[in-house]
Amino acid sequence: MSAGKRFREALAQEKPLQIVGTINAYQALQATKVGHKAIYLSGGGIANASYGLPDLGMTMIEDVCIDVRRITSICDTPLIVDADTGWGHAFNVARTVKEFIRSGAAGLHIEDQVAAKRCGHRPNKELVSTEEMCDRIRAAVDAKNELDPDFYIIARTDAHASEGQQAAVDRALAYVEAGADAIFAEAIHTLKEYKEFTEKMSVPVLANITEFGATPMFTTEELAEVGIDMVLYPLSAFRAMNKAALAVYQELKDKGTQEGVLDTMQTRMELYDMLGYHDYEKKMDALFAKGKAK
Ligand SMILES: C[C@](O)(C(=O)O)[C@H](CC(=O)O)C(=O)O
Ligand SMILES: [Mg+2]
């Protein structure tokens, strides 16, 4: 079953479908173990974690594909990937889609910002025209139909901040018309506004419940009531990991021992269990010369 198909099955099973950010392959395993049915690779997260850069459109397609492959090679949970602005004109967008599919992704979101993009929750975002964004979507749909027709194309509009709610809804309607499978309404402020989206769209709508941004932390229950189909938590675990790591570095520097932060750490056994370490070890002992010699 293609990754796109697996994502569509997950979407049919859970409403709203929680899509949780997994910054690397290990986190993908952890999210899956907990029972999450869909995972996400954040563009901001790749820029921050893999390159130490801000989320300002500085990473490129291959930078992203490297991280996509790392996750999909070890984890079957369908992965939605942040394609930012798609890295160029329509032909580039088509390549982006094909490379994502070849890398094992289940879907992507592509946004209507200019190439010099910003995080969706920061001021002064600039958008391309509705026509140019529709070209991006048409190119994406055309490309996925060649490789995986179930690959899921989510059109993100950042228009709410600069053009207002009505313009954002109008743009989203045009994006659906252009062939988007779903709409990502970015940086929305109220449940009422989400409801306007879900009532007007003939396709599923995604709410991005990222922390410390423009959108309050609405619960899945509240979002379900206004018809939201997918809820994204792009960087929640990443932010927590960062804070935990900083505390460990600080503790080592200050105290000369990690004793005081040991209870914040996953144990060796917990780590190994997640990785199936012991199964690998058994295989090693059974199959390979070095193991047999012991
Ligand atoms: C979803 C997002 O595009 C991402 O890259 O994860 C970001 C998330 C964030 O910065 O909190 C965005 O909303 O622009
Ligand atoms: Mg992003």
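Counting begins at 1 with the first residue of the sequence.
Judged by distance alone, the side chains of Arg239 and Thr210 do bring a donor and an acceptor atom under 3.5 Å apart. Between the side chains of Ser129 and Glu132, no donor N or O sits under 3.5 Å from an acceptor N or O. With 3.5 Å as the limit, one finds a donor-acceptor pair spanning the side chains of Asp112 and Thr157. Using modelled atom types and a 3.5 Å distance limit, the side chains of Glu126 and Ser162 yield no donor-acceptor pair.
Rounding to the nearest 0.5 Å gives a distance of 8.5 Å between NZ of Lys37 and CG of Leu17. Atom CG of Asp63 and atom CH2 of Trp87 lie 8.5 Å apart (nearest 0.5 Å). In this structure, CG in Leu108 is found 7.5 Å from CD1 in Ile80, a value given to the nearest 0.5 Å. Distance CZ/Phe100 to CZ/Arg69: 10.5 Å, rounded to 0.5 Å. Rounding to the nearest 0.5 Å places SG of Cys134 at 9.0 Å from CZ of Arg171. Taking SG of Cys75 as the reference point, atom CD of Gln27 lies at 11.0 Å (rounded to 0.5 Å).
Side-chain contact check for Phe7 versus Ile19: some heavy-atom pair is nearer than 4.5 Å. For the pair Gln266/Gln30, a side-chain contact is recorded, criterion being any heavy-atom separation below 4.5 Å from C-beta on. Two residues are said to be in side-chain contact when any heavy atoms from C-beta on lie closer than 4.5 Å; Asn208 and Pro234 meet this criterion. Between Gln166 and Asp170, some side-chain heavy-atom pair lies under the 4.5 Å cut-off. For the pair Leu275 and Leu29, the minimum side-chain heavy-atom distance is below 4.5 Å. Two residues are said to be in side-chain contact when any heavy atoms from C-beta on lie closer than 4.5 Å; Thr85 and Val114 fail this criterion. Within the 4.5 Å cutoff, side-chain heavy atoms of Leu191 are placed close to those of Leu223. Considering only heavy atoms from C-beta on, Thr130 stays 4.5 Å or farther from Met133 through its side chain.
Under the 4.5 Å side-chain heavy-atom criterion for Ile, Leu, Val, Met, Phe, Trp and Tyr, Val20 and Ile228 are members of the same hydrophobic cluster. Taking hydrophobic clusters as Ile, Leu, Val, Met, Phe, Trp and Tyr residues chained together by side-chain heavy-atom distances below 4.5 Å, Val97 shares a cluster with Ile71. Grouping the Ile, Leu, Val, Met, Phe, Trp and Tyr side chains by contacts below 4.5 angstrom, directly or via other members, places Ile209 with Ile183. Hydrophobic clustering of Ile, Leu, Val, Met, Phe, Trp and Tyr side chains at less than 4.5 Å, counting indirect connections, unites Ile188 with Val205. In terms of hydrophobic clustering, with Ile, Leu, Val, Met, Phe, Trp and Tyr side chains grouped at heavy-atom distances under 4.5 Å, Ile74 and Met284 are assigned to different clusters.
Between Ala168 and His160 the shortest heavy-atom distance is CB-N, 3.7 Å. Residues Ala224 and Pro16 approach most closely at CB-CD, 3.8 Å, considering heavy atoms. In terms of heavy-atom proximity, Ile23 sits nearest to Ile46 at CD1-N, 4.0 Å. Smallest separation of non-hydrogen atoms from Thr22 and Ala31: CG2-CB, 3.7 Å. Of all heavy-atom pairs spanning Asp67 and Ser50, the tightest one is OD2-OG, 2.7 Å. Taking all atoms of both residues into account, the shortest heavy-atom contact from Gly120 to Asp158 is CA-OD2, 3.5 Å.
A distance-only check finds no donor-acceptor pair linking the side chain of Glu193 to the backbone of Gln165 [under 3.5 Å]. Between the side chain of Arg136 and the backbone N or O of Ile110, no donor-acceptor pair lies under 3.5 Å. A donor-acceptor pair is defined here as one N or O able to donate and one able to accept, closer than 3.5 Å; such a pair exists between the side chain of Asn92 and the backbone of His89. Between the side chain of His121 and the backbone N or O of Ala214, at least one donor-acceptor pair lies under 3.5 Å. Remark: side-chain polar atoms of Thr77 are not paired, donor with acceptor, to backbone N or O of Ile39 under 3.5 angstrom. Side-chain atoms of Asp82 never come within 3.5 Å of backbone atoms of Leu41 as a donor-acceptor pair (strictly under, hydrogens ignored). Listed for the Asp148 side chain is no donor-acceptor partner under 3.5 Å among the backbone atoms of Lys144. Although no hydrogens or angles enter the test, the distance criterion places no donor-acceptor pair under 3.5 Å between the side chain of Ser103 and the main chain of Ala105. Between the Asn48 side chain and the Leu53 main chain, a donor and an acceptor come within less than 3.5 Å of each other. No donor-acceptor pair under 3.5 Å is formed between the side chain of Glu222 and the backbone N or O of Phe218.
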Point to revise | Verdict with supporting geometry, Tyr175 and Met201, side-chain contact (heavy atoms from CB on, under 4.5 Å) | key: CA-CA 10 Å; Tyr175 302 165; Met201 301 304 137; over 6 Å; no

Practice item. Could you please spell out the steps behind the salt bridge (charged side-chain N to carboxylate O under 4.0 Å, His left out) verdict for Asp55 and Lys117? Key: CA-CA 8 Å; Asp55 184 14; Lys117 61 147 288 164; 3.7 Å; yes

Check your understanding: Does the side-chain contact (heavy atoms from CB on, under 4.5 Å) test come out yes or no for Glu211 and Met217, once each step is laid out?
Key -> CA-CA 7 Å; Glu211 303 82 9; Met217 284 189 291; 4.1 Å; yes

Practice item. I would like to know whether Val141 and Ile137 meet side-chain contact (heavy atoms from CB on, under 4.5 Å); could you show each step before the answer? Key: CA-CA 6 Å; Val141 171; Ile137 296 163; 4.2 Å; yes

Review point. Can you list the steps and then say if Ile66 with Glu62 is a side-chain contact (heavy atoms from CB on, under 4.5 Å)?
Key: CA-CA 6 Å; Ile66 290 168; Glu62 188 55 21; 3.9 Å; yes

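Only one option out of Arg122, Arg156, Arg118 pairs with Glu186 in a salt bridge (Lys or Arg N to Asp or Glu O under 4.0 Å); it is Arg156.
Atom CE of Met274 is surrounded by more than 12 heavy atoms from other residues, nucleotides or ligands within 6.0 Å. Within 6.0 Å of CD on Glu270 lie more than 12 heavy atoms contributed by other residues, nucleotides or ligands. By the neighbour-count criterion of 12 heavy atoms within 6.0 Å, atom CZ of Arg95 is sparsely surrounded, having that number or fewer from other residues, nucleotides or ligands.
Through direct or indirect side-chain contacts shorter than 4.5 Å among Ile, Leu, Val, Met, Phe, Trp and Tyr, Met265 is connected to Val248, Leu252, Val261, Leu262.
For the pair Arg8 and Asp181, the salt-bridge criterion is met [side-chain N within less than 4.0 Å of a carboxylate O]. Checked for salt-bridge contact, Asp285 and Lys282 miss the test: no charged N lies under 4.0 Å from a carboxylate O. Salt bridge annotation for Glu99-Arg102: present, with a cationic side-chain nitrogen under 4.0 angstrom from a carboxylate oxygen.
Ring geometry, Tyr277 versus Tyr272: the interplanar angle falls under 30°, so the pair is classed parallel (tilted spans 30 to 60°).
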